Every structure is written in C-alpha cells, then in structure tokens.
Amino acid sequence: MNILGIETSCDETCASIVKDGKDILSSVIYSQIKTHSCYGGVVPEIASRKHIEKISYVIDSSIKKANIKNFDIDAVAVTFGPGLVGCLLVGVNFAKGLCFATKKPLIKINHLKAHVAANYLSNKNLTPPFMALIISGGHSNIVLVKDYCNFTVVGKTVDDAVGEAYDKIGRAMDLNYPAGPEIDRLAKTGNKDAYILPKPNVENKPFCFSFSGLKTYVLNIINNEKLNKNNINKNDICASFQKTVCEILCEKAFSCLKYYNQKKLVVSGGVCANVDIRNSLKKYAIKNNVELYMPDVEYCTDNAAMVASQGYFEYINGNIQKDMSLNACSCPDL
Ligand code: KG4
Ligand code: ZN
C-alpha cells in the first residue's frame with residue numbers, strides 16, 4: 001500500500017511516498033532555513049507563503065522520484081497539527097484538493113505521532129508497545145505508545161521545548177538558526193565541566209521537563225560575559241549546556257521507563273540528531289538493559305516520510321476522514 005505524506009507544519013515543505021509504512025520510495029524536503037536565518041527564527045507569515053510557492057513542486061517531484069505510474073497512491077496523509085496554523089493550512093488544503101480530485105482517502109496526522117513513526121522507517125522490526133521520548137523544536141514529551149495509534153502522554157515540558165532552548169541560547173551567541181546542529185558541533189571541543197548548570201525539576205511531576213530555567217541561566221552567563229566585555233568561550237558554554245541536557249533527558253526518560261516497567265525506549269524529533277544525546281542514551285540503555293531505538297539522523301528532523309508511515313498505520317486502523325471538513329489545529333491532543 002502506497003501512502004503519500006505531506007508535511008508543512010513549520011519551515012520545511014515536505015512530501016514523501018512510503019510503501020506499507022516502512023519502505024521509503026521517495027522523500028523530498030524543501031527547507032526554508034536560508035529564508036528565515038536572517039531573522040534568527042521562523043517568521044510564520046513568510047513560512048506560509050513559501051509553502052504555497054513550493055508545495056506543488058515538492059509533491060510532484062516526490063511522485064516522480066518514487067517512479068510510480070498513474071498516481072498509484074492508496075491514500076493521502078497530511079499533518080494537521082501541532083504547528084503554525086498558516087503553514088499547516090497549506091498542506092491540509094492541498095491534501096483535501098488532491099483527495100477530492102482523485103477520490104483517494106484523506107488521513108489526518110498528528111505531527112508528534114509522525115515523529116515517533118520515523119522509527120519504523122529506520123528500525124523495521126520495531127513494534128509497540130514502547131515508551132517514546134519526543135524531543136524537537138516545539139515539544140519535549142514522554143509518551144506511552146500502547147499501539148500504533150494509541151498514545152498517552154506521561155510527561156511534557158511545562159515551559160520551553162528542549163530544541164527551543166538550543167535555538168535561543170544559540171541566538172544569544174550569534175549562531176545561525178537553527179542553532180542545534182552548531183551547538184552540537186561546538187560542544188565537541190569544549191570543556192563540559194566549565195559551568196555547573198541547574199537541572200530543574202517540576203514539583204510533583206517527576207516526568208515533566210522545564211527547560212526555561214536552564215535556558216535563562218545560560219543566557220545570563222552569556223549576557224554577563226558580554227557586559228564585562230569578556231570573550232565568550234562558546235565551546236565551553238555549548239559543551240556544559242549539552243552535558244546538562246543529556247543528563248536531564250536520560251535521567252527523566254530512564255526513571256520513567258522504570259516506573260512504568262517498560263524495556264523499550266524509542267526516541268525521535270530534531271534534537272535526537274544530536275551526537276552527544278544519542279551517545280548518552282546508548283550508554284544509559286546498555287546500563288539499564290533497555291532496547292533503544294532512534295531514527296536515522298536524516299529522519300529526526302521534519303520530513304514527510306514519517307507522516308506517510310504513520311498514515312499507513314492510521315489507515316489500517318480505519319482512521320480515515322469521512323468528509324472534507326478537516327482543519328488545521330495549532331495544538332491538538334495526542
Ligand atoms: O523536529 P524538528 O525538525 O521540528 C519540530 O517539530 O520542532 O526539530 C527542530 C529542532 C530545532 O530546535 C533544532 O535546533 C533542533 O531540532 N536540532 C538539533 C540538532 N539538529 C536539529 N538540536 C540539537 N542537536 C542537533 N544536532
Ligand atoms: Zn517536528
């Protein structure tokens with residue numbers, strides 16, 4: 001079964017065709033990073049307009065690359081949220097038009113479920129149930145995945161997402177947007193013990209995250225150094241920040257696995273591309289005798305193959321739209 005996936009929730013226009021939820025026939029991504037980097041972050045209005053400019057081309061080239069004849073697609077899966085509403089609407093309306101014209105079923109996809117599904121593309125033997133850690137620019141969640149379409153959130157951030165902390169700290173050090181990959185690179189040659197940083201906990205919510213305090217603490221260090229006209233050692237700041245993030249993520253995720261008596265951890269989202277985070281999770285997994293799954297690095301950040309993969313599982317569970325009333329939603333429940 002071939003599913004066409006469409007993803008436009010933020011600053012990447014993506015389309016992909018995936019066979020039976022696991023085999024990628026094509027995956028096309030038009031990244032808007034160059035457009036937004038001079039603003040230090042995504043400008044929603046510009047992002048929506050760029051999606052409109054590129055979506056036809058991206059979908060067309062995903063079909064050509066997959067080399068399928070006569071629009072041999074069984075259904076269209078599209079991200080309807082969470083994300084920037086103006087951006088989501090571009091993908092949702094294109095998908096609706098396509099389904100109306102071709103009489104194919106329409107499937108709505110939650111972006112976070114899609115991030116988790118990226119793991120089925122890279123780990124063909126993976127099956128639920130498992131615990132998932134979703135770490136992206138907009139979200140930091142720990143989720144119990146009981147089945148392909150049945151998710152229960154057991155922990156989330158009460159303020160900033162981890163990727164957001166990366167990007168804001170990077171901006172204060174004049175790094176390019178998104179700063180995650182550059183902080184990852186600079187941290188390699190820094191002293192991770194140069195700064196002792198806080199690891200905030202959320203009262204009575206042991207599996208919830210709070211990254212805003214850590215972010216502000218690091219921003220204060222950077223601003224104080226700037227005020228005192230000292231040179232900022234970016235490498236040391238990046239290494240210390242990243243070490244703290246690794247500890248927070250590993251400590252929370254593995255204590256949550258223990259509490260829920262789970263032995264499989266599935267990680268996903270853009271921040272899962274981080275080398276130190278991947279290595280720390282691997283060490284914890286070995287020590288705690290846990291099976292660890294992560295997507296290939298290229299499927300950690302936003303793409304449509306993960307949308308098409310989740311689309312397959314939604315389809316076989318009968319989760320198909322009954323009519324054309326689907327709307328975008330900035331923050332739907334999982
Ligand atoms: O999943 P994603 O593409 O979009 C959202 O759904 O938010 O994640 C983007 C986030 C950005 O904050 C970016 O800085 C971060 O992922 N990121 C990284 C790395 N690559 C991307 N963070 C840390 N290390 C990386 N190597
Ligand atoms: Zn994402």
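First listed ligand is number 1; within each ligand, the first listed atom is number 1. Note that the structure is a prediction, hence the values are computed from the model and not measured.
- Applying the salt bridge (Lys or Arg N to Asp or Glu O under 4.0 Å) test to pairs two or more places apart or on separate chains, none has a residue in residues 281-306.
- With ligand atoms numbered from 1 in the order given, ligand 1 contributes 1 (O), 6 (O) to contacts under 4.0 Å with heavy atoms of His115.
- Between atom 15 (C) of ligand 1 and the options Asp184, Val271, Ile134, the minimum heavy-atom separation is to Val271.
- Taking any N or O of Glu12, backbone or side chain, none lies under 3.5 Å from an N or O belonging to ligand 1.
- Cluster membership check: Tyr57 does not share its hydrophobic cluster with Phe94, using side-chain heavy-atom separations under 4.5 Å among Ile, Leu, Val, Met, Phe, Trp and Tyr.
- Considering backbone and side-chain N/O atoms, Gly269 never comes within less than 3.5 Å of an N/O atom of ligand 1.
- Of the protein's heavy atoms, Gly270 O, 3.4 Å lies nearest to atom 21 (C) of ligand 1.
- The shortest N/O to N/O separation between Pro178 and ligand 1 does not fall below 3.5 Å.
- Cluster annotation: Leu112 and Val271 are assigned to distinct hydrophobic clusters (Ile/Leu/Val/Met/Phe/Trp/Tyr, side-chain heavy-atom contacts under 4.5 Å, transitive).
- Closest approach of Ala161 and Gly137 over heavy atoms only: CB-O, 3.6 Å.
- Distances between N or O atoms of Tyr166 and those of ligand 1 include no value under 3.5 Å.
- Considering backbone and side-chain atoms together, Asp302 places an N or O closer than 3.5 Å to an N or O of ligand 1.
- Using bins of under 30°, 30° to 60° and over 60° for the plane-to-plane angle, the ring pair Phe241/Tyr166 lands in the perpendicular bin.
- Annotation: protein N, O or S atoms under 2.8 Å of the Zn ion (ligand 2) (waters excluded) comprise His111 NE2, His115 NE2, Asp302 OD1.
- Remark: Lys124 engages Asp23 in a salt bridge (Lys or Arg N to Asp or Glu O under 4.0 Å) (not counting sequence neighbours).
- For residues 66-78, no residue pair satisfies the salt bridge (Lys or Arg N to Asp or Glu O under 4.0 Å) rule, not counting sequence neighbours.
- In the model, His111 has a side-chain atom that pairs as donor or acceptor with a side-chain atom of Glu7 under 3.5 Å.
- Side chain of Asn317 to backbone of Asn319: no donor-acceptor contact under 3.5 angstrom is found.
- Applying the 6.0 Å contact sphere to NZ of Lys263 captures more than 12 heavy atoms from other residues, nucleotides or ligands.
- Geometrically, Lys156 does not engage Phe209 in a cation-pi contact defined by less than 6.0 Å to the ring centre and at most 45° from the axis.
- Residues Ile222 and Leu175 share a hydrophobic cluster, clusters being chains of Ile/Leu/Val/Met/Phe/Trp/Tyr side chains in contact below 4.5 Å.
- For atom 24 (N) of ligand 1, the closest non-hydrogen atom of the protein is Asn274 ND2, 3.0 Å.
- Of the candidates Gly138, Gly83, Gly137, it is Gly137 that places a heavy atom closest to atom 9 (C) of ligand 1.
- Taking the centre and axis of the six-membered ring of Phe80, the NZ or CZ atom of Lys108 falls inside the cone set by 45° and 6.0 Å.
- The Gly163 neighbourhood of ligand 1 comprises atoms 12 (O), with distances under 4.0 Å to a heavy atom of that residue.
- For atom 22 (N) of ligand 1, the nearest non-hydrogen atom from the set Ala118, Ser9, Cys272, Gly180 belongs to Gly180.
- Of the polar atoms of His111, at least one N or O is found under 3.5 Å from an N or O of ligand 1, judged by distance alone.
- Close approach of ligand 1 to Asp167 is summarised as follows: ligand atoms under 4.0 Å from at least one heavy atom of the residue are 11 (C), 12 (O), 13 (C), 14 (O).
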